[in-house]
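A note on names: the letters A, B, ... follow the listed sequences, proteins ahead of strands, and every chain is numbered from 1. Just so we're clear, the structure is a prediction, and the values are computed from it rather than from any experiment. The figures that follow rest on heavy atoms only: side chains count, while hydrogens, waters and symmetry mates do not.
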There are 2 protein chains.
Amino acid sequence: MAGNSRQAGTSVTSRALAILSAFDEQHRAMSLSDIAARSDLPLATTHRLLGELSRWGALDRLPTGEYVIGRKIWDIGHLAPAETGLRQVAEPFLHDLYGATLATVHLAVRDGTEVVYLDRLRGNQSVPVVSKVGGRLPLHATGVGKVLLAHAPGEVQDTVLGGLTRITSYTITQPGTLRRQLRQVLEKGYATTREEMTLGACSIAVPIHQRDRVVAALGLVVPSLKGSEQRLYGALRVAAQSIGRRL
Amino acid sequence: MAGNSRQAGTSVTSRALAILSAFDEQHRAMSLSDIAARSDLPLATTHRLLGELSRWGALDRLPTGEYVIGRKIWDIGHLAPAETGLRQVAEPFLHDLYGATLATVHLAVRDGTEVVYLDRLRGNQSVPVVSKVGGRLPLHATGVGKVLLAHAPGEVQDTVLGGLTRITSYTITQPGTLRRQLRQVLEKGYATTREEMTLGACSIAVPIHQRDRVVAALGLVVPSLKGSEQRLYGALRVAAQSIGRRL
DNA sequence: GCCACGACTTCCATCCAGTGGAAAGCCCGG
DNA sequence: CCGGGCTTTCCACTGGATGGAAGTCGTGGC
């Protein structure tokens, strides 16, 4: 007595992809049952797909039996032109920026209503930051996020402004306040945050233009912007222009 | 009149994976027909699978109609623990190394008979290097490669020694010579190359130990090792030990 | 201007590969 | 030694993937 009653709209391929989607920052290692539950697939099916994915190298298996994302995915991911191209070009300028400011340097793009960090240079003894390369954060509480949001289509802005979650006591949660700031970002050419994402961390960020489109943002994280805002902005602007010219 | 005669041993999932495998360093952007040819699948099937993969975000489509690896793969790849964990830990030490030496810094692991570069800090005006983050190079012609090869299982060594391809006129292609060097790597604790991969570039590299296993290699690329070998080795050893302790 | 050619997209009858419930292993901890 | 949770294997069934062919689009040669 065997069954067969697949849900509508789920091709075989998308099931394999659903399994990959089950992994995220909070779920880097999962057991068979976890994965089956999170991807909403029957155990037996999940088991077979996990086998195929592991054999190919998309997943690895830990000694504990848990599954994790494998090297092959990491590998192939680095062929993505947007990410890698931009990174490649920006890399030396990020180093220069770090050398000139000793602040944590961020290179980020927008994906939907989130910031995705493409690269990060972390100063050794500098402010603690939560960003990770490949990681995501909300658009409204980071320097690079505000820049990207200010240059995003209106509908994206509306979505984000409609759900401003509080992260620290300084996070901006009033749509009106943020909208005003976004207008200023366009006027002044840079965005700042003051402990809105992490207590003790302020940031300043500028857009990177490719031709006349904003494709990424470049930011610095420092303990305080007091007095150094213009100097940091100057360094950022030069770097962002140089990167943009080379795209 | 439709047909259906699938080759044995090709599950649906592996067809989707075959498509992803069709992409590599030399083929970052391909048309439908290219992909179908390279993954040895019928056009119509490839077309449908490409559609599914694109819809999910595994692939993007350029304005020209060509397909490229999409951000989602890049994203998920960064959840791979081996790659990301090691990188995360090593990052600050790589910066220190760069600061201390101003040489190009490499962090790499072995995958089969190749080096995979996990991270690279490129000095601005330093020697040109061919490595890319996520890229692969042969084991026998790079500093990090020799280290990883020296600590690899015998069968891997045999395979590599059996096919030493020439890259520059200084590349070591005599199995005996290389085998002798590998023994020295184990004795001295570090490996060197002299223009074996790129003319005008020498390198020095050390292993990174996790408990008592060699999990990665750390290397520097400089115009010349003359006189600075011991100083560079010292800096590398300290960094590698610090990284190893934190794993 | 028009046709020919290549590349991409859509269609659909066929049929076998994927499916998933169930049952059998396996492993701990009590 | 037994019970419960998790993983692995099994297999009859069926509906979705398949791919040859036909349709469409774009382009360049004459």
Side-chain angles (χ1 to χ4, degrees), chain A residues 1-24 26-70 81, chain B residues 1-24 26-70 81:
Chain A
M1 260 147 270
N4 187 334
S5 66
R6 196 184 304 204
Q7 279 178 41
T10 57
S11 66
V12 186
T13 304
S14 50
R15 304 179 153 222
L17 298 176
I19 286 182
L20 293 181
S21 295
F23 290 85
D24 65 19
Q26 278 72 48
H27 302 83
R28 290 168 168 252
M30 288 188 286
S31 67
L32 166 62
S33 348
D34 288 344
I35 297 174
R38 276 178 61 83
S39 44
D40 199 29
L41 294 174
L43 260 180
T45 303
T46 308
H47 181 255
R48 187 174 32 79
L49 290 174
L50 286 176
E52 287 183 43
L53 289 168
S54 301
R55 227 166 295 124
W56 185 74
L59 298 175
D60 280 344
R61 198 141 192 210
L62 300 178
T64 64
E66 289 187 309
Y67 293 87
V68 294
I69 298 292
Chain B
M1 264 143 274
N4 188 334
S5 67
R6 196 185 305 205
Q7 280 177 40
T10 58
S11 65
V12 185
T13 305
S14 49
R15 308 182 148 217
L17 297 177
I19 286 182
L20 292 182
S21 295
F23 290 85
D24 66 19
Q26 278 72 47
H27 301 83
R28 289 167 168 252
M30 288 187 286
S31 68
L32 167 61
S33 349
D34 289 343
I35 297 174
R38 275 178 62 83
S39 44
D40 199 30
L41 294 173
L43 258 179
T45 304
T46 307
H47 181 256
R48 187 173 31 79
L49 289 174
L50 286 176
E52 288 184 42
L53 289 168
S54 302
R55 228 165 295 125
W56 184 75
L59 299 175
D60 281 344
R61 198 137 194 217
L62 300 178
T64 65
E66 289 186 308
Y67 293 87
V68 293
I69 298 291

Original post:
Considering residues at least two apart in sequence or located in another chain, which fulfil the side-chain hydrogen bond (donor to acceptor under 3.5 Å, both in side chains) criterion with A/Ser31?
Top reply: A/Asp34
Original post:
What is the distance, rounded to the nearest whole Å, between atom CG of B/Leu32 and atom C1' of C/dT9?
Top reply: 9 Å
Original post:
Among all residues two or more places apart in sequence or in another chain, which pass the salt bridge (Lys or Arg N to Asp or Glu O under 4.0 Å) test with B/Arg55?
Top reply: none
Subject >> Distance (rounded to the nearest 0.5 Å) between A/Leu59 CG and A/Met30 CE >> reply: 9.0 Å
Subject >> Rounded interatomic separation in angstrom, taking CG from A/Leu41 and P from C/dG18 >> reply: 15 Å
Original post:
In Å and rounded to the nearest 0.5 Å, what is the CG to OG distance from B/Leu20 to B/Ser14?
Top reply: 11.5 Å
**OP:** With sequence neighbours left out, write down each residue that passes salt bridge (Lys or Arg N to Asp or Glu O under 4.0 Å) with B/Asp24, or none if nothing qualifies.
**Re:** B/Arg38
Original post:
Side chains of B/Leu41 and B/Ile35: does their closest heavy-atom pair fall under 4.5 Å?
Top reply: no
**OP:** Kindly say if B/Ser33 contacts the phosphate of C/dG6, meaning a side-chain N or O under 4.0 Å from OP1 or OP2.
**Re:** no
Original post:
Where along residues 42-64 of chain A does a heavy atom come under 4.0 Å from DNA chain D, residue by residue in number order?
Top reply: A/Leu43, A/Ala44, A/His47, A/Arg61
Subject >> For the student: nearest non-hydrogen atoms of A/Ser39 and A/Ala18, plus distance >> reply: CB-O, 3.8 Å
Show me, pair by pair, the donor-acceptor contacts under 3.5 angstrom made by side chains of residues 42-52 of chain B, not counting sequence neighbours?
residue : atom : partner : partner atom : Å
B/Thr46 : OG1  : B/Pro42 : O            : 2.8
B/Glu52 : OE1  : A/Ser11 : OG           : 2.5
B/Glu52 : OE1  : A/Thr13 : OG1          : 3.2

Original post:
Rounded to whole angstrom units, what separation is found between the CE atom of B/Met30 and the C1' atom of C/dA7?
Top reply: 16 Å
**OP:** Name all residues meeting the side-chain hydrogen bond (donor to acceptor under 3.5 Å, both in side chains) criterion together with A/Ser54; count only those two or more places apart in sequence or in a different chain, and write none if there are none.
**Re:** none
Between the protein and nucleotides 24-29 of chain D, which nitrogen or oxygen pairs come in under 3.5 angstrom?
none

Subject >> Bend angle of the helix from C/dG1-D/dC30 to C/dG30-D/dC1, end axes from five pairs each (to 10°) >> reply: 40°
Original post:
Which sits closer to the 5' end of DNA chain D, A/Asp34 or A/Thr13, going by the nucleotide each is nearest to?
Top reply: A/Asp34
Original post:
A/Arg15 side chain N/O closer than 4.0 Å to the phosphate oxygens (OP1, OP2) of C/dA17?
Top reply: no
Just distance, no hydrogens or angles: give the donor-acceptor pairs under 3.5 Å from side chains in residues 63-70 of chain B, sequence neighbours left out.
residue : atom : partner : partner atom : Å
B/Thr64 : OG1  : B/Glu66 : N            : 3.3
B/Tyr67 : OH   : B/Arg61 : NH1          : 3.4

**OP:** Apply side-chain hydrogen bond (donor to acceptor under 3.5 Å, both in side chains) to A/Ser21 and list each qualifying residue two or more places apart in sequence or on a separate chain.
**Re:** B/Trp56
